[in-house]
Each structure stands twice: as structure tokens, then as C-alpha cells.
*Asks:* 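Starting off with a structure, shown below.
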Amino acid sequence: MIVACMKILRSVRVLAAAATAVALFGTGVAAQTIPQYGENRHLGVTSCAGSTCHGSATPWRDSTVLQNEYITWAQKDRHAKAYATLRTERSQRIARNLGLPNAHEAKVCLDCHADNPPPDKRGRVFQVSDGVGCEACHGGAEKWLGVHVSGMASHEENIKAGLYPTEEPVARAKLCLSCHFGDNNKFVTHRIMGAGHPRMSFELDTFTAIQPAHYVVDDDYRKRKRVANGVQTWAIGQALAIQEILDGLADAKRNRDGIFPELVFFDCHACHHPMSNVRWEPRSGTGLGPGIVRLNDANLVMLRVIAGHLDNALGQKLKQETIALHKASTQGAEATLAAVARLKATTQGLVQRFAQHQFGANDMQGLLIGLVKEGMSGEFVDYSAAEQATMAMSAIVTSMKRAGVIDDQRYNAMKAALDKCYDAVQKDEEYKPRQFLAALQAFEATIPKS
Ligand code: HEC
Ligand code: HEC
Ligand code: HEC
Ligand code: HEC
């Protein structure tokens with residue numbers, strides 16, 4: 001192992017220089033299998049963590065990759081603690097409430113709180129107690145570890161051998177969402193929430209940024225891998241989230257706890273907020289009156305801003321079909337499924353479209369203006385939309401800074417205004433739409449005028 005890892009350092013550098021441009025994002029990756037369901041054996045974190053592989057105490061100076069990925073993951077990344085979470089009192093209580101013997105052996109919990117391939121796909125030193133380990137994201141290493149360690153394989157070849165393309169925004173979105181939203185095999189239902197599981201929310205670019213990075217995007221990295229900017233990452237994440245949500249709404253397996261749709265598809269705060277905090281206001285985007293449980297449409301609001309920026313008619317259509325979905329949800333299952341199917345058809349292909357669009361300076365500014373406009377028209381009175389919008393604006397502002405669209409002074413002003421938006425969404429149960437709106441107005445004033 002030691003010798004082999006030394007070799008990779010030399011040969012990867014040569015290969016990297018020869019690497020050619022990769023195909024456009026999104027081509028073919030939609031079919032990529034999530035590591036957990038892949039055909040290759042998972043060898044376990046120990047197989048990646050050797051001190052001359054990815055377990056060095058400090059980054060290596062002449063390596064293309066840092067080599068201390070394991071340390072970053074083990075010490076700073078919540079994924080390394082995901083299994084330990086299942087042994088806490090809180091998890092034991094959730095398990096008890098669900099009638100499970102315990103949480104740390106329950107498949108329903110392990111599927112997201114660990115790398116949990118089927119028993120015949122586990123190597124000799126594999127341990128589920130490692131939590132969400134390297135191979136939960138990078139793919140079962142059975143076929144690629146050898147060639148990868150020998151240093152003889154290019155990134156493309158590693159991917160052919162089962163390395164999951166985590167740098168690819170579409171594939172990454174699919175991967176992260178499989179646990180951070182769920183898929184047709186694993187899902188946090190309202191029954192699990194009711195037993196005590198926390199609310200989940202996700203935005204691909206923000207979560208990529210807050211997962212402690214065990215890689216550095218530098219010139220060398222850019223030679224080996226194509227890098228999506230934050231705005232594109234955000235857009236793709238939203239388009240894919242909508243697909244997952246629509247598939248979830250249409251999935252009979254995930255809608256069998258009595259009420260249809262399953263309660264997790266609704267806006268949690270439509271039911272869960274103190275009755276003394278009276279805050280209902282009409283929203284043109286739902287068309288619903290007071291006292292009606294609303295579906296959580298935060299991702300749809302984001303999506304129509306992005307789609308509408310590229311194609312105004314499409315944005316309008318999405319808005320109309322979202323309103324139709326809200327209405328249908330008050331009319332019963334048949335109407336709801338029909339509205340879901342219409343939205344599914346309208347949003348088909350958006351992932352690919354965003355994957356192939358270069359999101360540039362004009363887009364960044366246009367999208368910020370589009371987001372603020374939704375807020376000004378009252379669409380962020382619901383917490384989850386305000387939360388998504390805040391993460392979105394933050395992703396865009398960071399991208400503007402990175403792309404040199406705004407200078408330091410402008411960035412600092414925008415960032416300070418954004419901090420006020422973050423303050424307003426800090427505690428979901430204490431959310432005050434007016435406070436958010438005021439913060440949004442102040443933020444609007446900092447957007448550069450073209
Ligand atoms: C196998 C399931 C799984 C996959 C895949 C996964 N996560 Fe997670 N993630 C979790 C779990 C479970 C937690 C919570 C861990 C805990 O605290 O117990 C978590 C926590 C996080 C957190 C910390 C959140 C917080 O509130 O501080 C971030 C950030 C995060 N994940 C980002 C990502 C990103 C980005 C991806 C995709 C590259 C991803 N995750 C893929 C399961 C997963
Ligand atoms: C579909 C994936 C999924 C399933 C299934 C799932 N979880 Fe989670 N869980 C997550 C994610 C993702 C987070 C982190 C949420 C965040 O911070 O954004 C989390 C967070 C938690 C937390 C809070 C951790 C903390 O420190 O804040 C607990 C406790 C927990 N889960 C327990 C369980 C138990 C017990 C089960 C089984 C009954 C379970 N989970 C099933 C994905 C899942
Ligand atoms: C929650 C998902 C997740 C987990 C768990 C995870 N990674 Fe990663 N890893 C990523 C993402 C996302 C990237 C950035 C995109 C890319 O370069 O593929 C990345 C990048 C890398 C890179 C590429 C660096 C480069 O310069 O090309 C290496 C090496 C790596 N990870 C090793 C590890 C090791 C070793 C572990 C376990 C100790 C691990 N990762 C755990 C998601 C994860
Ligand atoms: C249609 C209304 C409705 C929606 C929407 C809803 N819930 Fe609930 N929730 C309930 C009811 C009713 C209970 C049971 C309360 C009780 O037993 O006292 C409950 C219980 C809970 C509990 C347990 C509370 C306790 O006292 O132990 C949690 C946590 C929870 N829900 C989270 C969520 C989350 C997160 C969402 C959004 C994904 C959500 N709920 C959406 C109605 C709703």
C-alpha cells in the first residue's frame with residue numbers, strides 16, 4: 001500500500017497534465033447509480049485511511065490531492081458522526097417511538113446515517129459504524145482502488161471502474177439528495193419526524209460549502225476536473241430536488257400513512273408554529289385562503305425564478321402549475337396526482353438545461369433580482385421559501401465575488417445585508433415574515449444596478 005500510494009503522486013501529476021476537457025455536465029450521469037446501490041463491494045474507510053493514502057496528518061505539498069482527507073472527515077465532518085448519532089438518547093427515543101428495538105441496527109436509520117450497502121457488498125474490514133464514510137459518496141472501491149492506488153488510471157478510468165463522479169453537479173445533487181431529502185428506497189416520513197427526527201432542508205451549493213472541504217479547488221484541480229460555479233450548482237440542485245419531490249408525491253410507497261400526500265411534503269410550519277404568533281398572509285403563489293395546509297413549494301418558487309430568468313414563459317407556466325397543484329391538494333388524490341404529472345412534464349429536461357447553461361454575470365444579477373421580486377410580492381411569508389432564498393442569495397453573491405463581478409467593497413455590503421436575512425431565518429419556529437422582508441429590502445439596495 002505504502003509503495004503504491006507513493007507512486008500515485010508521481011503518475012497522477014503526469015496524467016493530470018494530459019487530461020482533456022470533460023464532456024458537458026449532465027451527459028449520461030442521470031443514470032449514475034448511487035454508491036449504496038452500486039454493484040461494487042465497499043472496502044471500508046480503513047482502506048482509504050493509510051497515512052500515505054488519504055490519512056496523512058497534514059496536506060502533502062507535491063500531491064495533486066491533499067492526502068489528509070481522512071483527518072478532515074474524521075475530525076470535522078458530521079458525516080463521520082452520523083452513526084454515533086444513532087447511539088444517542090435522542091435516537092434511542094425515536095427508535096422507541098417507532099417500535100424499533102434500537103436505532104443503530106435499524107436499516108431505516110442506517111440507510112442514511114451510514115454507508116449501508118447489502119452484506120454481500122462489504123469487504124473484510126468494512127464497518128458500518130464508520131458512518132457516512134468515503135465510499136458512501138465516492139462509490140464502492142472494489143474495482144477502482146487497485147487502479148487508483150497504482151496511479152496508472154485517469155479520473156475517467158476510475159469513474160468507469162465505479163468511482164462516483166462527485167465533482168459533477170448533477171451526480172452530486174442526486175447523491176446528496178438521496179439522504180438529505182430521501183429517495184424511493186429511504187425516506188424520512190412524518191411518522192419518523194413525529195417520533196422526533198429533525199426537520200430536513202437542503203441546498204446543494206450551501207451544503208457543499210459547509211461540509212468541511214477535504215479537497216482544494218486550485219489550478220491543478222481545474223485541470224483534472226470541470227468545476228461548476230455556485231449559481232449553476234444551486235440551479236441544478238433545485239431542478240433535481242423538484243424531480244425528487246414530484247417523484248415522491250407520485251410514489252404510492254411513500255404515501256401510505258393515511259393522509260395523502262404524506263405530511264412531510266407539506267410546509268411544516270403551516271401546522272407547527274405557536275398560535276399566538278399570528279402571521280398568515282395571502283400568497284398569490286398558492287392562491288389558498290387562511291387555515292389551509294400548504295404543500296412545501298419552496299423549491300418550486302426557486303425553480304420558477306431560475307427557469308423564468310432563462311425563459312419568461314416557462315417561469316409563468318411553472319407558477320400557474322404550482323398554483324394548480326396547491327388547489328388540487330385541496331381536492332383529493334386524483335387531482336393532486338394529475339397536477340404532479342403536469343409539473344413533472346413541464347420540469348422535465350430542466351436539469352440538463354441548467355447543466356448546459358453557462359451561468360454568467362448577467363444571470364447572477366438577474367437571478368438575485370428575480371429572488372428579491374418574489375419576496376417583495378409576498379412569497380416568502382412561508383419560512384421554508386425564505387430559508388431557501390437566503391441560501392440561494394448567498395450562493396449567488398459568493399459566485400459574483402469569485403467571478404470578479406463585484407469588488408470587495410460591494411461584496412462586503414451585500415454580505416452584511418445577507419447576514420440580516422440569515423438572522424431572520426435563524427430559528428424556524430420564531431420566524432417573522434416582516435423581519436425577513438425588511439432585511440430583503442435592505443439587501444435589494446446593495447444589488448449592483450447595470
Ligand atoms: C449516506 C447518506 C448521506 C449522503 C450521501 C450525504 N449526506 Fe450529508 N449528512 C447525512 C447525515 C445522516 C447527516 C447528519 C449527521 C449527524 O449529525 O448525525 C449529514 C449532515 C450533513 C451536513 C451537516 C449539516 C448541519 O446541519 O450541520 C452537511 C453540510 C452535509 N451533510 C452535506 C452533504 C453534501 C454536500 C452531500 C453530497 C456531496 C451529502 N451531505 C451527502 C447523510 C448523508
Ligand atoms: C432519508 C435519510 C435519513 C433517514 C432515513 C434517517 N435520517 Fe436522521 N438525519 C438525516 C439527515 C440528512 C440529518 C441531518 C439534517 C440536517 O442537519 O440538515 C439527520 C439528522 C438526524 C438527527 C439529528 C442529529 C443532530 O445531531 O442534529 C438524529 C437524532 C437522527 N437523524 C436520527 C435518525 C434516526 C434514529 C433514524 C431512524 C429512525 C434516522 N435518523 C433516519 C437523514 C436521515
Ligand atoms: C458526503 C460525501 C463525501 C464523503 C463522505 C467523502 N467525500 Fe471526498 N469528496 C466529496 C466531494 C463532494 C468532493 C469534491 C468533488 C470532487 O472533486 O469529486 C470530494 C473530493 C474528494 C477527493 C478529490 C480531491 C481532488 O483534488 O481531486 C478526494 C481524494 C476525496 N474526496 C477523498 C475522500 C476520502 C478519503 C473520504 C473518507 C475519509 C471522503 N472523501 C469522504 C464528497 C465526499
Ligand atoms: C398537517 C399538519 C402537519 C404538518 C404539515 C406537519 N406536521 Fe408534524 N405534526 C402534526 C401533528 C398533528 C403532530 C402530532 C402532535 C402530537 O402528537 O401532539 C405532529 C408531530 C410532529 C412532531 C413531534 C412533536 C411532539 O410533540 O413530539 C415533530 C417533530 C413534527 N411533527 C415535525 C414536522 C416536520 C419537520 C414537518 C414538515 C416536514 C411537519 N411536522 C409537518 C401535524 C403536522
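This one's a predicted model, so the numbers in the text were calculated from it and none came from an experiment. In what follows, every heavy atom counts, from backbone to side chain, and hydrogens, waters and symmetry copies are set aside. As the structure lists them, so they are numbered: ligands from 1, and atoms in each ligand from 1.
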*Asks:* Quick one, Phe207 with Phe181, criterion ring-ring contact (aromatic ring centres under 6.0 Å, His included). Give me CA distance, side-chain angles, the key distance, then yes/no.
*Replies:* CA-CA 13 Å; Phe207 273 62; Phe181 172 73; over 10 Å; no
*Asks:* Can you list the atoms of ligand 2 that are under 4.0 Å from a heavy atom of Val188?
*Replies:* 1 (C), 3 (C), 4 (C), 5 (C), 6 (C), 7 (N), 43 (C)
*Asks:* Short check: is a protein heavy atom less than 4.0 Å from atom 35 (C) of ligand 4?
*Replies:* yes
*Asks:* Does the residue Cys179 have a heavy-atom contact with ligand 2, meaning some pair of atoms that are separated by less than 4.0 Å?
*Replies:* yes
*Asks:* Determine, considering heavy atoms only, which of Gly182, Ala84, Cys112, Ala103 sits nearest to atom 43 (C) of ligand 2.
*Replies:* Cys112
*Asks:* May I ask whether Gly133 has any heavy atom positioned less than 4.0 angstrom from an atom of ligand 3?
*Replies:* yes
*Asks:* What I want to know is whether Arg199 and ligand 2 share at least one N or O pair that is separated by under 3.5 angstrom.
*Replies:* no
*Asks:* Measure the distance from atom 32 (C) of ligand 2 to every protein heavy atom, then report the residue, atom name and distance (to 0.1 Å) of the closest one.
*Replies:* Ser91 OG, 3.5 Å
*Asks:* Examine the side chains of Asn296 and Ser384 and answer whether a donor and an acceptor come within less than 3.5 Å of each other.
*Replies:* yes
*Asks:* Applying side-chain hydrogen bond (donor to acceptor under 3.5 Å, both in side chains), can you list everything that pairs with His214, at least two apart in sequence or on another chain?
*Replies:* none
*Asks:* Locate the shortest heavy-atom distance separating Asn40 from Lys143; write the atom from each residue and the value.
*Replies:* OD1-NZ, 3.0 Å
*Asks:* Heavy-atom contacts with Leu98 under 4.0 Å: which atoms of ligand 2 show up? List them by number with element.
*Replies:* 38 (C)
*Asks:* Is the shortest distance from a Lys or Arg side-chain nitrogen in Asp220 or Arg224 to a carboxylate oxygen in the other one below 4.0 Å?
*Replies:* yes
*Asks:* When you measure from the heavy atoms of Asp267 to every atom of ligand 4, does any distance fall below 4.0 Å?
*Replies:* yes
*Asks:* Of Cys137, Pro35, Cys48, which has the heavy atom at the shortest distance from atom 3 (C) of ligand 3?
*Replies:* Cys137
*Asks:* For Arg342 versus Ala324, what's the shortest heavy-atom pair and its separation?
*Replies:* NH2-CB, 4.4 Å
*Asks:* Just to confirm, does any protein heavy atom lie below 4.0 Å from atom 29 (C) of ligand 4?
*Replies:* yes
*Asks:* If you look at every heavy atom in Leu204 and Cys176, which pair is closest and at what distance?
*Replies:* CD1-SG, 3.8 Å
*Asks:* What protein heavy atom sits nearest atom 25 (C) of ligand 2, and how far off is it?
*Replies:* Arg78 NH2, 3.7 Å
*Asks:* Could you go step by step and tell me if Glu281 and Arg434 meet the salt bridge (Lys or Arg N to Asp or Glu O under 4.0 Å) rule?
*Replies:* CA-CA 11 Å; Glu281 288 183 36; Arg434 301 259 157 204; 2.9 Å; yes
*Asks:* Compare His79, His138, Arg222 and give the one whose heavy atom is closest to atom 42 (C) of ligand 3.
*Replies:* His138
*Asks:* Looking only at protein heavy atoms, identify the closest one to atom 38 (C) of ligand 2 and say how far it is in Å.
*Replies:* Cys109 SG, 2.7 Å
*Asks:* Side chain, backbone, both or neither: which part of His113 comes within less than 4.0 Å of ligand 2 when only heavy atoms are counted?
*Replies:* side chain
*Asks:* Which of the numbered atoms in ligand 2 are below 4.0 angstrom from a heavy atom of Val108?
*Replies:* 4 (C), 5 (C), 41 (C)
*Asks:* Grab the two heavy atoms, one from Ser56 and one from Asn68, that are nearest each other, plus how far apart they are.
*Replies:* O-CB, 3.0 Å
*Asks:* Heavy-atom distance under 4.5 Å between the side chains of Arg222 and Val217, does that happen here?
*Replies:* yes
*Asks:* Report the member of Thr85, Leu110, Asn185 with the shortest heavy-atom distance to atom 24 (C) of ligand 2.
*Replies:* Thr85
*Asks:* Tell me the nearest of Tyr70, Tyr215, Phe207, Tyr221 to atom 16 (C) of ligand 3, using heavy-atom distances.
*Replies:* Tyr221
*Asks:* Hey, which atoms in ligand 2 end up nearer than 4.0 Å to a heavy atom of Leu86?
*Replies:* 33 (C), 34 (C), 35 (C)
*Asks:* Kindly indicate whether atom 14 (C) of ligand 2 is approached by any protein heavy atom to under 4.0 angstrom.
*Replies:* no
*Asks:* What protein heavy atom lies closest to atom 12 (C) of ligand 3? Include the residue and the distance to one decimal.
*Replies:* Arg172 NE, 3.8 Å
*Asks:* Looking only at N/O atoms, are Glu69 and ligand 3 under 3.5 Å apart anywhere?
*Replies:* no
*Asks:* Which of the numbered atoms in ligand 3 are under 4.0 angstrom from any heavy atom belonging to His54?
*Replies:* 29 (C), 35 (C)
*Asks:* Any carboxylate oxygen within less than 4.0 angstrom of a Lys/Arg side-chain nitrogen, looking at Glu379 and Arg283?
*Replies:* yes
*Asks:* Please determine whether any non-hydrogen atom of Arg224 lies less than 4.0 Å from an atom of ligand 3.
*Replies:* yes
*Asks:* Can you sort out which atoms of ligand 4 are near Phe266, meaning under 4.0 Å from one of its heavy atoms?
*Replies:* 5 (C)
*Asks:* Note the single closest protein heavy atom to atom 33 (C) of ligand 2, along with its residue, its atom name and the distance in Å.
*Replies:* His197 CD2, 3.3 Å
*Asks:* With side chain to side chain donor-acceptor pair (under 3.5 Å) as the test, pick out the partner of Asn116 among Lys186, Lys121, Arg122.
*Replies:* Arg122
*Asks:* Any idea which atoms of ligand 3 are less than 4.0 Å away from a heavy-atom of Val132?
*Replies:* 5 (C)
*Asks:* Among all protein heavy atoms in this structure, tell me which lies nearest to atom 11 (C) of ligand 2, with the distance rounded to 0.1 Å.
*Replies:* Met200 SD, 3.5 Å
*Asks:* Only heavy atoms of Val65, strictly under 4.0 Å: list the atoms of ligand 3 that pass.
*Replies:* 24 (C), 25 (C), 26 (O), 27 (O)
*Asks:* Show the atoms of ligand 4 that are less than 4.0 angstrom away from any heavy atom in Val264.
*Replies:* 38 (C)
*Asks:* Identify the protein heavy atom lying closest to atom 18 (O) of ligand 3, giving its residue, its atom name and the separation to 0.1 Å.
*Replies:* Thr166 OG1, 2.6 Å
*Asks:* Once the angle between the rings of Phe359 and His357 is folded into 0 to 90°, is it parallel (under 30°), tilted (30 to 60°) or perpendicular (over 60°)?
*Replies:* perpendicular
*Asks:* Indicate whether any N or O donor in one side chain lies under 3.5 Å from an N or O acceptor in the other, for Ser284 and Lys319.
*Replies:* yes
*Asks:* Could you state the interatomic distance from CD1 (Ile306) to CZ (Arg353), rounded to the nearest 0.5 Å?
*Replies:* 12.0 Å
*Asks:* State whether any protein heavy atom lies less than 4.0 Å from atom 20 (C) of ligand 4.
*Replies:* yes
*Asks:* Show the atoms of ligand 3 that are less than 4.0 angstrom away from any heavy atom in Glu167.
*Replies:* 15 (C), 16 (C), 17 (O), 18 (O)
*Asks:* Is His214 close enough to atom 8 (Fe) of ligand 3 that one of its N, O or S atoms comes in under 2.8 Å?
*Replies:* yes
*Asks:* Report, in ascending order of atom number, the atoms of ligand 3 lying under 4.0 Å from any heavy atom of Lys225.
*Replies:* 16 (C), 17 (O), 18 (O), 23 (C), 25 (C), 27 (O)
*Asks:* Report the member of Ser201, Cys176, Ala82, Pro198 with the shortest heavy-atom distance to atom 23 (C) of ligand 2.
*Replies:* Pro198
*Asks:* Only one of Arg199, Arg191, His190 clears side chain to side chain contact (heavy atoms under 4.5 Å, CB included) with Val264; which?
*Replies:* His190
*Asks:* Hey, is Gln211 one of the residues with a heavy atom under 4.0 angstrom from ligand 3?
*Replies:* yes
*Asks:* Under 4.0 Å and counting heavy atoms only, is there anything from the protein next to atom 6 (C) of ligand 4?
*Replies:* yes
*Asks:* Among all protein heavy atoms, pick the one closest to atom 37 (C) of ligand 3 and tell me residue, atom and distance.
*Replies:* Cys134 SG, 1.9 Å
*Asks:* What are the protein N, O or S atoms, given as residue plus atom name, that sit under 2.8 Å from atom 8 (Fe) of ligand 4?
*Replies:* His190 NE2, His272 NE2
